[in-house]
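Here's the structure we're looking at; comments come further down.
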Amino acid sequence: MASHTDIAVLYANKPLDTQVTVKAWVRTFRNDQFLAVSDGTTIRTLQIVLNKEEHDEAKLKKLNTGACISASGILKPSLGKGQDIELIADQLEILGECDPNEFPIQMKRHTLDFLREKAHLRFRTNTFGAVFRLRHHLAFAIHAFFNERGFFYLHAPIITGSDAEGAGEMFKVTNLDLNNVPRTEDGGVDFSQDFFGKPANLTVSGQLEAELAALALSKVYTFGPTFRAENSNTSRHLAEFWMIEPEVAFNDIVANQDLAESFLKYCFNYALKHGREDLEFLQEREINEDKLKPVEDRQSMPLIQRLEFVANNEFERITYTEAIDILLNSNHYKKKKFKFDVKWGIDLQSEHERYLVEKHFQKPVIITGYPAAIKAFYMRMNEPDAQGRETVAAMDILVPGIGEIIGGSQREERYDVLVQKCKQFNIPEDHIWWYLETRKFGTCPHAGFGLGFERLIMYVTGMQNIRDVIPFPRTPLNAEF
RNA sequence: UCCUCAGUAGCUCAGCUGGUUAGAGCACAUGACUGUUAAUCAUGGGGUCCCUGGUUCGAGCCCAGGCUGGGGAGCCA
């Protein structure tokens with residue numbers, strides 16, 4: 001027999017008139033009689049009713065917000081209006097006291113930036129409880145989606161000797177004595193004495209490794225931490241984040257879009273089904289927070305409706321060239337409201353993407369066929385268009401409020417073309433000889449994409465800052481916890 | 001890295017044109033009440049006004065530099 005029962009289980013089963021024990025943390029103690037406690041198994045709190053005569057007064061004094069308690073008694077239908085069950089406790093034990101003069105979390109609205117500085121305690125709040133339960137559900141949804149479709153979960157290395165991925169600045173991994181770095185004759189660092197005998201870094205992407213596996217196992221995906229040493233200070237970037245990268249042999253760019261779209265819809269539906277109460281809470285929270293904002297900054301649709309809308313509607317699919325035409329023909333452009341110029345060949349700026357997604361289409365948009373010059377070396381070259389312009393089979397999925405949530409492509413599988421691209425992008429062949437060899441030995445068309453897990457969570461939870469959807473955010477100058 | 005806004009009680013904030021002893025709500029303490037729902041009511045304690053320097057008879061307020069945080073941009077997922 002369990003030593004105690006989860007509050008989520010009590011609400012699910014409602015074992016009325018039976019003896020139960022709960023272990024949980026105090027949220028409020030009202031009227032010297034009503035204790036609201038949470039054990040984090042659900043967004044809901046349990047009301048514990050304490051008959052004053054049965055409990056030591058000194059003990060009742062310790063029922064401060066944040067204290068940990070164990071309570072036993074009979075579960076009864078509640079006489080009050082805020083809940084349908086309550087525990088009439090005859091036994092109460094304080095497992096861990098909580099000094100109210102020092103505990104920073106109160107039963108009142110805190111700003112998210114304040115709670116960010118209390119990352120070790122913010123799990124105790126309703127908002128972060130809901131966010132991290134949903135983070136769990138989404139992680140589970142990702143594995144379920146791929147597993148149901150015959151994908152194999154591939155663990156790409158976190159330490160990599162490859163520096164050719166080109167996805168951003170990398171963190172160096174070394175065990176050299178930094179106070180006494182060995183030098184080569186020309187004064188550089190002598191990496192031959194380092195742990196791997198060569199420079200090593202934390203991975204910025206598992207894609208290249210996933211491609212190697214896909215060219216044998218057909219369908220694989222990675223899901224793991226990824227690191228970028230960029231000095232990015234935005235609400236959408238982390239130095240350490242989790243990425244999902246499926247890679248599929250024999251898929252072309254259209255099949256890649258189909259996979260990505262069904263993947264996102266699956267995740268949203270899974271969250272709606274398994275995280276409903278948390279989503280309802282976050283929706284209420286967002287509505288209340290929106291009241292403090294100017295009208296133009298408020299959400300046009302409540303959170304759950306937004307997720308249902310995306311889950312039930314086709315994504316818009318356009319080419320880069322069409323996107324440029326839409327922008328050039330927009331009133332926004334004609335009134336010169338874009339800060340950055342629009343013409344074929346530019347990399348789309350945030351303001352352009354926002355216009356397309358939030359103003360023009362008002363739904364997720366998949367853009368394909370980007371100019372070859374602004375995309376990565378491994379993306380498959382398309383035939384030049386009527387005007388002789390070179391594009392690649394790339395795709396970005398943009399969603400309202402977040403911007404780019406997925407980036408992917410069909411990969412260049414033709415050896416000669418890929419070698420040529422390496423030259424153009426100044427990537428030494430001997431750095432990625434192993435990648436090139438897959439194009440020599442039984443190459444095939446294949447495609448894949450990368451998805452930032454935290455951006456997915458942002459979209460599902462409605463949280464506006466990426467630092468609030470990962471337990472311990474790593475950003476420039478911040479690794480306290 | 002750039003632009004921009006902010007930093008006043010444990011938290012959220014107000015503080016006028018530079019002027020006497022810096023305020024409110026919540027939280028906390030004490031008491032009242034006892035089926036409450038972030039309970040309510042009364043009373044009370046609580047301040048390095050981010051830091052350093054400057055201007056001034058006088059700075060929370062003005063100026064310079066710095067630190068920290070938010071928002072936006074770039075880079076991207």
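Proteins come first, then strands; the chains are lettered A, B, ... in the order of their sequence lines, and each starts at number 1.
- Nucleotide G44(B) is matched to C28(B) when pairs are restricted to Watson-Crick or G-U wobble geometry with both distances under 3.5 angstrom.
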Protein heavy-atom contacts under 4.0 Å, written 5' to 3' over nucleotides 67-72 of chain B as B (base), S (sugar-phosphate only) or - (none), form the string --SSSB
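- Among the nucleotides G35(B), A73(B), A29(B), the one closest to any side-chain atom of F340(A) is A73(B).
- Spacing between atom CD of E102(A) and atom P of C11(B) amounts to 13 Å, rounded to whole angstrom units.
- Searching all strands for a Watson-Crick or G-U wobble partner of U21(B) with both distances below 3.5 Å returns nothing.
- Checking R27(A) against N126(A) by side-chain atom types alone, a donor-acceptor pair falls below 3.5 Å.
- With hydrogens and angles left out, the side-chain atoms of S205(A) and E245(A) include a donor and acceptor closer than 3.5 Å.
- Distance check on atom C1': G31(B) versus G45(B) gives 15 Å, rounded to whole Å.
- If you check every strand for non-hydrogen atoms under 4.0 Å, Q83(A) touches a base.
- In this structure, I85(A) places its CD1 atom 15 Å from C1' of U37(B), rounding to the nearest Å.
- A64(B) and U4(B) are spaced 13 Å apart, taking the P atom of each and rounding to whole Å.
- Across G47(B) and C5(B), the matching C1' atoms stand 25 Å from one another, rounded to whole Å.
- Summarising the geometry, the separation between NZ on K293(A) and P on C5(B) is reported as 21 Å, rounded to the nearest angstrom.
- Side-chain contact of D258(A) with N256(A): a donor-acceptor pair under 3.5 Å is absent, judged by distance alone.
- Nucleotide C76(B): unpaired (no Watson-Crick or G-U wobble partner with both distances less than 3.5 Å).
- Rounded to whole Å, the separation between the P atoms of U21(B) and G25(B) comes to 23 Å.
- Under 3.5 Å, the side chains of T226(A) and W242(A) contain no donor-acceptor pair of N or O atoms.
- Counting non-hydrogen atoms under 4.0 angstrom, K81(A) reaches a base of the nucleic acid.
- Among the protein residues, L238(A) comes within range of the nucleic acid bases, having at least one heavy atom under 4.0 Å from a base atom.
- The gap from the C1' atom of G19(B) to that of U12(B) amounts to 29 Å, rounded to the nearest Å.
- Atom CD in E230(A) sits roughly 15 Å away from atom C1' in A73(B) (whole-Å rounding).
- Comparing E454(A) and K61(A) along RNA chain B, the residue whose closest nucleotide (by nearest heavy atom) sits nearer the 5' end is K61(A).
- Among the protein residues, L456(A) comes within range of no part of the nucleic acid, since none of its heavy atoms lies under 4.0 Å from any strand.
- If you check the side chains of T391(A) and N382(A), you find a donor sitting under 3.5 Å from an acceptor.
- E211(A) and Q207(A) share a side-chain donor-acceptor pair at under 3.5 Å.
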Any N/O pairs under 3.5 Å between the protein and nucleotides 38-45 of chain B? List them or say none.
from   : atom 1 : to      : atom 2 : distance (Å)
A38(B) : N3     : M107(A) : O      : 2.6
A39(B) : OP2    : T28(A)  : OG1    : 3.1
A39(B) : OP2    : R30(A)  : NH1    : 2.9
A39(B) : N6     : N31(A)  : OD1    : 3.2

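- For R44(A) and T42(A), the side-chain atoms include no donor-acceptor pair closer than 3.5 Å.
- By the salt bridge (charged side-chain N to carboxylate O under 4.0 Å, His left out) test, E280(A) is found to be paired with R276(A), residues two or more places apart in sequence or in another chain being considered.
- Searching all strands for a Watson-Crick or G-U wobble partner of A6(B) with both distances below 3.5 Å returns U68(B).
- Between Q349(A) and G74(B) there is a side-chain polar atom (N or O) within less than 4.0 angstrom of OP1 or OP2.
- When rounded to the nearest whole Å, the span between CD of Q106(A) and C1' of C28(B) equals 9 Å.
- The backbone N or O of G345(A) sits less than 3.5 Å from a side-chain atom of Y320(A), completing a donor-acceptor pair.
- Salt bridge present: R109(A) and E289(A) bring a charged side-chain N and a carboxylate O closer than 4.0 Å.
- The partner of C62(B) is G54(B), by the rule that a Watson-Crick or G-U pair needs both atom distances under 3.5 Å.
- Closest-nucleotide positions on RNA chain B for D347(A) and N231(A) were compared, and the one nearer the 5' end corresponds to N231(A).
- G74(B) and U37(B) have their C1' atoms separated by 48 Å, given to the nearest Å.
- One can place CD of E57(A) at 13 Å from C1' of U30(B), the figure rounded to the nearest angstrom.
- Note on F114(A): only backbone sugar-phosphate atoms sit closer than 4.0 angstrom, heavy atoms only; bases stay farther off.
- Listed nucleotides A29(B), C11(B), G35(B) differ in distance to E86(A); the shortest reach to its side chain belongs to G35(B).
- Within the structure, a side-chain polar atom (N or O) of T111(A) is placed less than 4.0 Å from OP1 or OP2 of U12(B).
- Atom CD1 of I88(A) and atom P of U36(B) are 14 Å apart (whole Å).
- No donor-acceptor contact under 3.5 Å links the side chain of S232(A) to the base of C76(B).
- Nucleotides G44(B) and C26(B) are separated by 16 Å at their C1' atoms, to the nearest Å.
- Distance, D396(A) CG to C75(B) P: 12 Å, rounded to whole Å.
- In this structure the side chain of S409(A) never reaches within 4.5 angstrom of the side chain of R380(A), judged on heavy atoms.
- Within the 4.0 angstrom heavy-atom criterion, only backbone atoms of the sugar-phosphate kind lie near P100(A); the bases stay farther away.
- Ion pair K375(A)/D347(A) not flagged as a salt bridge, since none of the NZ, NE, NH1 or NH2 atoms sits closer than 4.0 Å to an Asp/Glu carboxylate oxygen.
- Checked against F123(A) for a ring pair (Phe, Tyr, Trp, His ring centres under 6.0 Å), the options F481(A), W25(A), F472(A) give a single hit: F472(A).
- Not a single donor-acceptor contact under 3.5 angstrom links the side-chain atoms of H110(A) to the base of C11(B).
- Between U56(B) and C63(B), the distance separating the two C1' atoms is 12 Å to the nearest Å.
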